[in-house]
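Below you'll find the structure, written out as structure tokens, and then a few comments.
Just so you know, ligand 1 is whichever comes first in the structure, and atom 1 is the first atom listed for that ligand.
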Amino acid sequence: MIGWVLKKILGTQNQREVRRMLPLVQKINQLEEGLRSLSFEELRAKTAAFREKIAQGESLDAILPEAFAVVKNCCRRFTEEKRKIRVRGQEIPWEMIPFDVQLIGGMVLHSGRIAEMATGEGKTLVATLPTYLNALTGKGVHVVTVNDYLAARDAEWMGEVYRELGLTVGCLQHGQSQAERRAQYACDITYGTCSEFGFDYLRDNGMATTPEDQVQRGHFYAIIDEVDSILIDEARTPLIISGPVTVSTHQFDKYRSSIEGLVRKQNGLCTDWANQAKEKVEAGDLLGAGRLLFKVKLGSPRNKLLLKFMEDPGTRRAIDDAELEMYQDTRRTELYKTKEEMYFTIDERNSEADLSEMGRKFLNPADPNFFLVPDLITINHDIDANPAAGAEEKLKQKQAAQANYEEASQRIHNISQLLRAYCVFEKDVHYVVQENKVIIVDEYTGRLMPGRRWSDGLHQAVEAKEGVQIDRETQTLATITIQNYFRLYEKLAGMTGTAETEANEFKDIYRLGVVVIPTNRACVRKDADDLIFKTRREKLNALIEEIKKRNAAGQPMLVGTASVESSEIISRMLRRENIPHNVLNAKYHQQEAEIVARAGERGAVTIATNMAGRGTDIKLSPGVPELGGLHVVGTERHESRRIDRQLRGRCARQGDPGSSQFYISFEDDLMRNFGDSRRIAGLMTKLGMEDNEGLQHPWLNRSVETAQKRVEQRNYQIRKHTLQYDDVMNQQRTVIYSWRTDILTTEDPRKEVFETVDERIGAEVEARAGTDPVDLDGLLHWSNTAMPLGLQREELQNAGGKEPWKELLKKRVREAYELKVKFENPEAVKALERYVLLGAIDRLWQEHLYAMDGLRTSINLRAYGQKDPLIEYKREAYGMFEELMERIKGEVVLNLFRSASSLSAFEHFLAALPQRTGRGELPMQAQPQTTEGSISMGAGGQGTAVDEALAPMKRQGPKLGRNDPCPLDPNKKFKNCCGASGSKVCFKTAA
Ligand code: ADP
Ligand code: MG
């Protein structure tokens, strides 16, 4: 074996990397030989011995050879005794001893890199080596799988080794209780999916109110299986815990019917143009036809006639020519004019829709400007420049302009989302409608994603379009991107069959190197050139013929599709031909895993979207190798080459025979949007393509790959972009989460409380003392209303000066508090102190997240200006965060003495958390009661009592909206002044 590996290894850096590890492989194998004479007891005792060494400061690297040898030897013993292991209800005999390449894979994982190992190379087993080694530290190793089924399977299967060697293994599953989860994390090793890990982190840090509520115990080392799928495909959507917002501001139902009319108008227009183009083609005027069709493409890219013309290389070229011509710099004005000839334009590549003057007029004939964002900067400038108006008048005008601006951007945002919903998002492709709900179809996997919603109002727009109930806009309660979650780990590693094409991204974003491990046995798979067809119909017909032919011979086939929809079309066609087959959509993981496992049997035809059955091994049954092994057919090239490689890799594992081929057509999305159609059309003419017949040529493969590279690049940019924005949030999240953890874990929450109060006092004094003359009355008023200090004016006067004032206030606030809690149960007081802090942080942080969402939207609108949106975003986000911190401190001060209202809020809080309700008496004896003019909390306006100390605050505040100016500080919007919103009363207003 070593000899074979050595032969493979010459030259490249990757190969040198692998070669460097060979001496260690030898060492491990030697050590393993030495272990064979031990009893099982003695082998098991090694674990304790390793732990002892680690405790004495020995490094993991030093222990690696012997630890790997122990795992390998354990596998050997299992194999020899043919140990049967119950895995997901089935008895599986253990029959694997790590190969040398697997040992190398294990070392790569231990070193914190990605091991690229082809499908079927036994990565599940590979992971046990570094997992065992690192788990010896007791710090907890996390093994991340793509679904719950695989987590359970691997924990049971591989768990046998760990348990035998004296380590504990846990497994996270959806729906486990908090106590169960904590138990899983307490194990030396924990298997689970990335969303289970990520959501636990968010709950631990964004919601837990006591350390006992937290389930995780740190982020030491994670090994991610199918790492490309998780860090690249899944990473495009962050993990979000959300709840409904209190006030909903959308106007989707209001504009829906007008947009429908608009779309109808536009479609009519485009169909007319397409028909005119047809006449022109018939008259031989290709140039004219091309220009017309280009317009159709701008206005209605999925127009039937247009799609038909795109199939024909001649007209397609004419369209491309027209497009190229129009995008020349000198033709800019003409392009704008063209765009003004229709109601709106669609950019399918970026899935954007843009309303034109004509469209605006159609929607509101009286005032086309109704749909334009006012230029706030110019307006404000004009207001300032007007000598006639006084300061107050100017302020009023500015406020009006601001309100106007907000309203217009909301309106435009709604309209453009509706347009996208109608023109870019297609039912049964991008989403399905089930039980009166719009459910997203994952574009990568074809899976239905119930519960996931498009952000930014798009989901609601689609709901409006489909006439189903428009669900309330949700508000982010806690969020993190997958990228930032995994960056928490001290050490990260991953494994997959396909990492190499994405090596740059792994390096840039995760600082993960990729090492390609040679296969245990040479791969003999035959990859045929792509077969290219003009139309989808022709492609599918040819595909069915091929399936019929191979099926008749008994060869098993795996047909990979890009979407649920195309799986179903192929299934229908096969049914018509009476060919038995299985369809998998990555929905029922366990069941599908079982079907996929049998995909290598004689005569099996399995249709699967690309995620279905990932991680399940396809073994060939007897007689199948002689037929050529498993044949894999791709029905479409995916946007990313990696996914295609992944599909091909499903066959020809461990030296088995196997073959693969892709079928593509010009109507595939990839080709329509990113294909270099001119080149390909040229090639096709050159190579002499006949109708109804597929064309095959290495040149074509290269063209397709170029298109894929282009999309990969673009998607990478999108992910990077998401991350750049999330980085800003990440810093803020780190500050808030670590503050929260301090509060949760401290034995002395009062200290935290007073630190916060002191900072608030400091800021307040600085502000009041900073004016000329010093605002003594203001300070007095604040001190006595925010806190029940009963301070006299003379006391302040006598103290004189900033520092003495601060000292005075700090002293008095402590005295007041002592008095207040003197007769209370100290444990209860502690709980309340924690709650005062956490309540303020959580509520305002959530508001802050909402405001940050809004900031992102408005920043994108601003991108039309000259500014770099990211820099703007950073600047404003920073400002908002500073404000947030001040507001939290302010709220802590206010809540500290409002025992009654705090108490009842505390009650609410506990009631809202079912697992926590059992946790004992309420901290204070005060009876909550509703008094007149109480402060209302939450959307339901439930009344709560206000403590005597707060008597000056008792009043029925006006109900203000988030965007109303704060009555105290008209320069600030209500939502930014103290964080209150909806039916809540602004505390500043009341004070
Ligand atoms: P991968 O995740 O790399 O695609 P799996 O971990 O699913 O591969 O393993 C594929 C198959 O190879 C499994 O059936 C497993 O039992 C088998 N296998 C793995 N390692 C060995 C080994 N060292 N010797 C024999 N069979 C092995
Ligand atoms: Mg696997």
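The stretch residues 145-155 participates, sequence neighbours left out, in no salt bridge (charged side-chain N to carboxylate O under 4.0 Å, His left out) pair at all. For residues 654-664, the set of pairs meeting the salt bridge (charged side-chain N to carboxylate O under 4.0 Å, His left out) definition, not counting sequence neighbours, comprises Arg653-Asp656.
Residues forming a salt bridge (Lys or Arg N to Asp or Glu O under 4.0 Å) with Glu32 (at least two apart in sequence, or on another chain): Arg36, Arg76.
Taking a cutoff of 4.0 Å between a charged side-chain nitrogen and a carboxylate oxygen, Glu116 and Lys123 do not qualify as a salt bridge. Residues Arg598 and Glu594 are not paired through a salt bridge, judged by the lack of any N-O separation under 4.0 Å between the basic side chain and the carboxylate.
For a heavy-atom separation below 4.0 Å, the residues in contact with ligand 1 are Glu95, Met96, Ile97, Pro98, Phe99, Gln102, Ala118, Thr119, Gly120, Glu121, Gly122, Lys123, Thr124, Leu125, Trp157, Asp617, Lys619, Arg653.
Taking the six-membered ring where the residue is Trp, Phe197 and His142 present parallel rings, their angle staying beneath 30° rather than reaching 60°.
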